[in-house]
Enquirer: 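Structure below; questions to follow.
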Amino acid sequence: LLLGLVVLIMAALLVFVLYPVVLVLRHSLVTPDGLGLDNYELLAQRRLYRNALRNSLGVATLVGALSVVLGYVVAFTLARTDVPLKRALHNLTILPIVSPPFSGAISILFLFGFNGLVTRHLLGLRDFSIYGFWGVVASQVFTFAPIAYLSLRGVLAGINPTLEDAAMNVGATRWQVFSRVVLPLSLPGVASAFLVVFIESMADFGNPLVLAGASFPMLAPQAYLEITGSFNLPRGAMLAVVLLVPSLTAFALQRYYINKRQYVTVTGKPTASTTKAVGPAAKWLLFSVVVLFALVVIAFYGVILVGAVTAVWGFDYTLTLRHFQYVFAVGWDTVKDTVLVAVTSTPVSGLLGMLIAFLVVRRRFPGRGAMELLSIERFPFQQSLSEMADFYAMRDMDGVPLPVERLPLARALSGEVFHDYRLLSHGASGQDTVLSFSGAPVHDDEGAIEGAVVIFRDVTTTQKLERAKDDFLAVAAHELRSPL
């Protein structure tokens, strides 16, 4: 039974994790002349890609550290001290885990954006920008600190409090009990929590897409934009592979560090006891930190609820339900599909995760390390990139499909400046929409093209009026030329 279970899980991991990674790796090597490393050479040549890599690494490292510190404080307070409201604080702390990952970013914009409730209306700031490094860090810490908390809560709750009693009986101070007993025994959990948060931050797409801004590129959004914006699949695959390397490196370092040390406690039968490592003042200080984070969670989700029934956030706070009417009228199919996928995948993922954790922790078998690596690694674009849908399906005004090089963004990236470039887009409703594009390249300090700006507007109504006017003038001219 055990062998069959291992084979089944490894087969699932190979098909759904490793095989897509191999496909992405292969696509990253595709060049006009065959296979090669031309796409990877661009990483050293283009400053945009270097900045995206540096920004992603810096954000992931800081987010990992801050999330582990915050998660450790919350886990230690709720698992090792006798503070009140434990259940309520626990539920509020894990709330960001069950919400969409970009909800924190939207809340930050509502509170600290250009028309934010705090920055503009309470503090009167008019030139404050939350976009960039600190905005992404704040949103990711809010999103991923609860993950670190859950990882550390079980570790800290499993440490026998009588070990602290024994240390204090032989004269240890509270700080010595924490630094020499509790902290060393929790280091494996700290390292694991940092690894998970680091990987989640590197692969995060929603928060950087909302808060990074054009001047702060990051790898995950840039890889997505290369594929769906520039229609350059090999280059997007290359960035996705680069995105995987730091995560694999962090995993290897974590395993190397943890395996060098042994964490074993030998005790008798445990007895009920609360921690002695913190005094009353420290306990209430830690409790205030937990309460503060809980209040932040309430504030973040509160502004989302209020914003959902507000006419225009920042300008018109009239209560309205038209946003919900729009969602149920236009996006109901999307809501149904999302719920269906969640209901279907959640029990399967939970069962598979429980089985993998049981096998990795409790059993010894060949390939255990590979199973752990494949199960913990989060890789962006794990589906076959060659099968991604063409979202835009652009055609010229005669209905002829456009080649990639004539797409608006491709024209701008090639150095072309254009205005009122009209194309047909086949919408989900089955009706054609006429879009007018204007675009231009963006140059760096050295004159090289590092990006592009493309704007568009819906001119379907205008196009119909222009055609009606042309038809009217043609008929009028014909009538004027005709003899009476």
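In this text the structure is predicted, and so the values were computed from the model without any measurement.
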Enquirer: Looking at every heavy atom in both Ser67 and Ala148, which two are closest together, and how far apart are they?
Expert: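 For Ser67 versus Ala148, the nearest heavy atoms are O-CB, 3.6 Å.
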
Enquirer: Could you tell me whether the side chain of Trp134 reaches within less than 4.5 Å of the side chain of Leu62, counting heavy atoms only?
Expert: yes

Enquirer: In Å and rounded to the nearest 0.5 Å, what is the CG to CZ distance from Leu286 to Arg80?
Expert: 13.0 Å

Enquirer: If the plane angle is over 60° it's perpendicular, under 30° parallel, otherwise tilted; pick one for Tyr149 and His90.
Expert: tilted

Enquirer: With rounding to the nearest 0.5 Å, note down the distance linking CZ in Phe194 to CG in Leu66.
Expert: 10.0 Å

Enquirer: Check each of Phe293, Phe112, Phe142 against Phe300 using the ring pair (Phe, Tyr, Trp, His ring centres under 6.0 Å) test, and report the only one that passes.
Expert: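 Of Phe293, Phe112, Phe142, ring pair (Phe, Tyr, Trp, His ring centres under 6.0 Å) with Phe300 is met by Phe142 alone.
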
Enquirer: Would you find a donor on one side and an acceptor on the other, under 3.5 Å apart, between the side chain of Asp204 and the backbone of Glu200?
Expert: no

Enquirer: Within the structure provided, determine whether Met202 and Pro246 are in side-chain contact (heavy-atom separation under 4.5 Å).
Expert: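 A side-chain contact under 4.5 Å exists here.
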
Enquirer: Over all heavy atoms of both residues, which pair between Thr81 and Lys86 is shortest? Give the atoms and the distance, please.
Expert: O-NZ, 2.5 Å

Enquirer: Can you find a pair of side-chain heavy atoms, one from Leu29 and one from Asn39, that are under 4.5 Å apart?
Expert: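 A side-chain contact is absent here, since even the closest heavy-atom pair is not under 4.5 Å.
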
Enquirer: Report the C-alpha separation of Val297 and Thr93 in whole Å, then their side-chain angles, then the decisive distance to 0.1 Å, and conclude whether the side chain to side chain contact (heavy atoms under 4.5 Å, CB included) test is met.
Expert: CA-CA 7 Å; Val297 172; Thr93 301; over 6 Å; no

Enquirer: For a quick test of reading the model, state the closest non-hydrogen atom pair linking Leu25 to Val241 and the distance between them.
Expert: CA-CG2, 4.0 Å

Enquirer: If you draw the axis of the six-membered ring of Tyr49, does the NZ or CZ of Arg46 fall within 45° of it and under 6.0 Å from the ring centre?
Expert: yes

Enquirer: Quick check: Phe437 with Phe418 (ring centres under 6.0 Å apart)?
Expert: no

Enquirer: Measure the shortest side-chain to side-chain distance between Val63 and Phe144 over non-hydrogen atoms and say whether it is less than 4.5 angstrom.
Expert: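 With C-beta onward as the side chain, the pair touches.
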
Enquirer: Please determine whether side chain to side chain contact (heavy atoms under 4.5 Å, CB included) holds for the pair Val59 and Phe216, giving the CA-CA distance in whole Å, both sets of side-chain angles, and the decisive distance to 0.1 Å.
Expert: CA-CA 11 Å; Val59 168; Phe216 191 77; 3.9 Å; yes

Enquirer: Mark yes or no for whether Arg322, through its side chain, and Ala311, through its backbone, hold a donor-acceptor pair below 3.5 Å.
Expert: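 Here the side-chain-to-backbone pair exists.
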
Enquirer: Looking at every heavy atom in both Val141 and Leu70, which two are closest together, and how far apart are they?
Expert: CG1-CD2, 4.3 Å

Enquirer: List, one per line, each side-chain donor-acceptor pair under 3.5 Å for residues 114-123, sequence neighbours excluded.
Expert:
from: Asn115; atom 1: OD1; to: Arg120; atom 2: NH1; distance (Å): 2.9
from: Thr119; atom 1: OG1; to: Gly113; atom 2: O; distance (Å): 2.7
from: His121; atom 1: NE2; to: Tyr317; atom 2: OH; distance (Å): 3.3

Enquirer: Once side-chain hydrogen bond (donor to acceptor under 3.5 Å, both in side chains) is applied, do any residues pair with Arg50, and if so which ones, sequence neighbours excluded?
Expert: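 With neighbours one apart ignored, the set is empty.
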
Enquirer: I want to check something: taking the side chain as every heavy atom from C-beta on, are Val155 and Pro188 in contact at a cut-off of under 4.5 Å?
Expert: no

Enquirer: Would you compute the distance between atom CZ of Phe205 and atom CD of Gln222 and round it to the nearest 0.5 angstrom?
Expert: 11.0 Å

Enquirer: Report yes or no: does Ser349 contribute a side-chain atom to a donor-acceptor pair with the main-chain N or O of Thr346 at less than 3.5 Å?
Expert: no

Enquirer: Taking side-chain contact (heavy atoms from CB on, under 4.5 Å) as the criterion, tell me which of Leu89, Asn91, Leu85 meets it with Arg87.
Expert: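 Testing Arg87 for a side-chain contact (heavy atoms from CB on, under 4.5 Å) against Leu89, Asn91, Leu85 leaves exactly one candidate, Asn91.
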
Enquirer: Go through the steps for Tyr301 and Ser99 under the test side chain to side chain donor-acceptor pair (under 3.5 Å), then give the verdict.
Expert: CA-CA 10 Å; Tyr301 288 101; Ser99 62; 2.4 Å; yes

Enquirer: Show the numbers, then the answer: is there a side chain to side chain contact (heavy atoms under 4.5 Å, CB included) between Tyr72 and Thr77?
Expert: CA-CA 8 Å; Tyr72 196 100; Thr77 304; over 6 Å; no

Enquirer: Check the pair Val136, Met218 against side chain to side chain contact (heavy atoms under 4.5 Å, CB included), reporting the backbone distance first and the verdict last.
Expert: CA-CA 10 Å; Val136 176; Met218 296 184 68; 3.9 Å; yes

Enquirer: State, to 0.1 Å, how close Ala60 and Ser201 come at their nearest heavy-atom pair, and which atoms those are.
Expert: CA-OG, 3.2 Å

Enquirer: What is the distance from atom CG of Asp38 to atom CD of Gln45, rounded to the nearest 0.5 Å?
Expert: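 The CG atom of Asp38 sits 9.0 Å away from the CD atom of Gln45.
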
Enquirer: Contact between Val242 and Leu43 at the side-chain level, heavy atoms closer than 4.5 Å - yes or no?
Expert: yes

Enquirer: Could you tell me whether the side chain of Leu152 reaches within less than 4.5 Å of the side chain of Ser186, counting heavy atoms only?
Expert: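 No, side chains not in contact.
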
Enquirer: Is Tyr421 close to Ser436 at the side-chain level, that is, under 4.5 Å between some pair of heavy atoms?
Expert: no

Enquirer: With rounding to the nearest 0.5 angstrom, report the CG to CG distance, Leu53 to Leu239.
Expert: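 Between Leu53 CG and Leu239 CG, I get 9.5 Å after rounding to 0.5 Å.
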
Enquirer: Which heavy-atom pair separates Asn207 from Ala105 by the least distance, and what is that distance?
Expert: OD1-CB, 3.4 Å

Enquirer: Under 3.5 Å, is there a donor-acceptor pair between the side chain of His27 and the main chain of Leu233?
Expert: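 Not confirmed, His27 side chain does not pair with Leu233 backbone.
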
Enquirer: Nearest 0.5 Å please: distance from the CG atom of Leu150 over to the CD1 atom of Ile97.
Expert: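 One gets 4.0 Å once the value is rounded to the nearest 0.5 Å.
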
